[in-house]
Structures are given as structure tokens and as C-alpha cells.
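Below is one structure, written out as C-alpha cells; comments come after it.
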Amino acid sequence: MRYWLFKSEPGCFSFQDLQNCPDATEHWDGVRNFQARNFLRDEIAVGDRVLFYHSSIPQPVVVGLCRVVRAGYPDHTALDPGSEHFDPKATPDKPIWYMVDVRAEQALPQPVPLEVIREHPSLRQMPLINRSRLSIQPLSELEFETILQLGGVS
DNA sequence: GCCAACGTTGGC
DNA sequence: GCCAACGTTGGC
């Protein structure tokens with residue numbers, strides 16, 4: 001099992017939005033970055049655990065805990081001319097872009113702010129610190145468990 | 001709103 | 001294949 005951090009702007013799609021979906025489950029679509037795509041297509045597996053991060057707000061925070069419920073499959077929004085994520089280079093044979101499905105498990109009792117992550121000695125290597133733009137980030141088990149602990153998950 | 005980081009594009 | 005120009009992201 002592996003550990004990940006998924007970023008989202010809450011004004012676009014928040015952890016609460018995910019919790020409000022049927023079965024608290026939704027597609028994680030619209031990712032248009034090749035490194036993140038490779039994680040979605042090749043490495044993220046059913047059962048993997050995911051931290052949900054809110055970016056581009058006054059105090060960015062890790063807010064929730066999710067589980068991967070479907071591994072990578074073609075992101076059909078790339079084929080839809082009406083979608084804001086439409087990519088004219090994508091075809092059914094060569095979809096280019098991939099998505100997974102995630103289910104919200106619980107909100108962190110105490111959301112963990114970026115400034116706390118930045119200060120914590122065990123979290124110095126997290127991509128959030130030096131690769132903040134990557135929207136799908138792999139975490140070590142220690143990093144994942146440390147954030148759960150900071151977030152008050154027992 | 002600014003700016004640094006960084007990914008993508010396109011000319012050569 | 002290099003690299004400058006440009007666009008986007010995201011923290012502050």
C-alpha cells in the first residue's frame with residue numbers, strides 16, 4: 001500500500017464536496033501534468049491512502065483522509081470538447097490523461113497547515129515543501145502517519 | 001496582486 | 001536537442 005497527497009483548490013473542489021458525493025466517492029479527473037499523470041496511470045492502486053490538501057487559500061491545509069477505490073483509467077473529460085479539461089490531442093485509443101476514483105473517509109479533527117508541515121523535522125522531504133506545484137504527490141509512510149498524528153486522527 | 005518556480009511550446 | 005519565451009501554479 002502506498003501513500004499520496006492530492007491537491008485541490010477548495011473553491012473548485014473541496015473535501016466537503018467529496019464527502020457530499022454519493023458514497024463520498026468521485027473521479028479525480030482533470031489532471032494535466034505528465035508526472036502526476038504517470039502516478040495516476042501507473043502507480044496508484046486500490047486501497048492506497050490519500051491526504052486531501054486545500055491549496056491557493058490564505059492558509060493552505062491538509063483537511064481530510066481518503067482511500068483510492070479505483071485505479072487509473074482514461075480521463076474521459078479530455079475527449080469532451082465541452083469540458084474545460086478538453087485536450088484535442090487525446091483520442092479513445094491514446095487517451096493521454098488518466099484519473100482514479102477516491103472516497104472520503106474522514107475529515108481531520110485538526111487540519112494541518114502548510115506552515116506546520118514546513119516546520120516539522122520529519123516532513124522536510126515532502127514534495128509540498130520543494131515541489132509544491134505537483135498536484136499528485138507520493139508520501140512515505142512516516143510522512144503520512146506524522147500528518148495523521150498532527151491532524152488528531154487516532 | 002506580486003513574484004518565484006517550473007512546465008510547456010516552438011523556433012532554430 | 002537546445003533554449004528563450006510564455007503560461008500557470010501557488011504561497012505570501
Side-chain angles (χ1 to χ4, degrees), chain A residues 2-21 26-44 48-66 68 71-102 104-140 142-153:
Chain A
R2 295 188 63 181
Y3 305 91
W4 307 92
L5 180 143
F6 287 10
K7 288 186 320 180
S8 184
E9 299 187 25
C12 180
F13 186 74
S14 71
F15 185 70
Q16 281 192 344
D17 292 334
L18 179 59
Q19 288 180 306
N20 289 335
C21 289
E26 185 53 284
H27 313 314
W28 200 272
D29 60 22
V31 172
R32 296 293 180 266
N33 166 280
F34 286 105
Q35 192 175 0
R37 186 283 308 271
N38 292 347
F39 290 136
L40 291 168
R41 187 188 60 186
D42 305 331
E43 300 199 38
I44 298 176
D48 282 1
R49 307 187 79 187
V50 175
L51 295 174
F52 196 120
Y53 177 79
H54 282 171
S55 66
S56 297
I57 51 175
Q59 189 182 50
V61 276
V62 178
V63 286
L65 185 57
C66 306
V68 176
Y73 61 107
D75 180 346
H76 52 71
T77 65
L79 302 174
D80 175 7
S83 168
E84 60 178 321
H85 301 300
F86 176 64
D87 182 349
K89 295 193 192 119
T91 69
D93 280 349
K94 293 211 165 190
I96 305 180
W97 305 112
Y98 284 75
M99 60 186 178
V100 300
D101 291 356
V102 293
E105 291 194 327
Q106 66 172 114
L108 301 194
Q110 293 179 270
V112 181
L114 176 60
E115 56 189 345
V116 170
I117 293 171
R118 183 173 278 126
E119 296 304 315
H120 196 290
S122 300
L123 303 176
R124 295 246 164 80
Q125 302 302 315
M126 276 184 59
L128 262 191
I129 310 302
N130 48 20
R131 292 288 322 281
S132 68
R133 291 183 54 186
L134 187 60
S135 62
I136 304 281
Q137 308 187 351
L139 304 187
S140 70
L142 173 63
E143 289 162 346
F144 182 85
E145 296 295 343
T146 299
I147 289 178
L148 285 196
Q149 198 168 4
L150 292 169
V153 175

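Because the structure is predicted, anything quoted here is derived from the model rather than measured. Order of the sequence lines sets the chain letters (A, B, ...), proteins ahead of strands, with each chain counted from 1.
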Ignoring hydrogens and angles, write down the donor-acceptor pairs under 3.5 Å from the side chains of residues 11-18 of chain A, residues two or more places apart or on other chains.
{"from": "A:Ser14", "atom 1": "OG", "to": "A:Gln16", "atom 2": "N", "distance (Å)": "3.3"}
{"from": "A:Ser14", "atom 1": "OG", "to": "A:Asp17", "atom 2": "N", "distance (Å)": "3.0"}
{"from": "A:Ser14", "atom 1": "OG", "to": "A:Asp17", "atom 2": "OD2", "distance (Å)": "3.2"}
{"from": "A:Asp17", "atom 1": "OD2", "to": "A:Ser14", "atom 2": "N", "distance (Å)": "2.9"}

| request: Please find the earliest and latest nucleotides of DNA chain B, in the 5' to 3' direction, that have an atom within less than 4.0 Å of any heavy atom of chain A. | output: B:dA5 to B:dT9

| task | Could you tell me the separation between the CZ atom of A:Phe34 and the CD1 atom of A:Ile96, rounded to the nearest 0.5 Å? | result | 6.5 Å

| said: Regarding A:Arg32, tell me which of base, sugar-phosphate or nothing describes its non-hydrogen contacts under 4.0 Å with the strands shown. | reply: nothing

| query | When we call it a touch if two heavy atoms are under 4.0 Å apart, what does A:Pro60 touch: a base, just sugar-phosphate, or nothing? | reply | sugar-phosphate

| query | Taking the inter-plane angle between the rings of A:Trp28 and A:Phe6 on a 0 to 90° scale, is it parallel (under 30°), tilted (30 to 60°) or perpendicular (over 60°)? | reply | tilted

| said: What I want to find out is whether A:Asp75 reaches A:Arg37 closely enough, with some N-O distance under 4.0 Å, to be called a salt bridge. | reply: no

| request: Kindly state each residue pair satisfying side chain to side chain donor-acceptor pair (under 3.5 Å) with at least one member in residues 114-133 of chain A, sequence neighbours excluded. | output: A:Gln35-A:Arg131, A:Gln59-A:Glu115

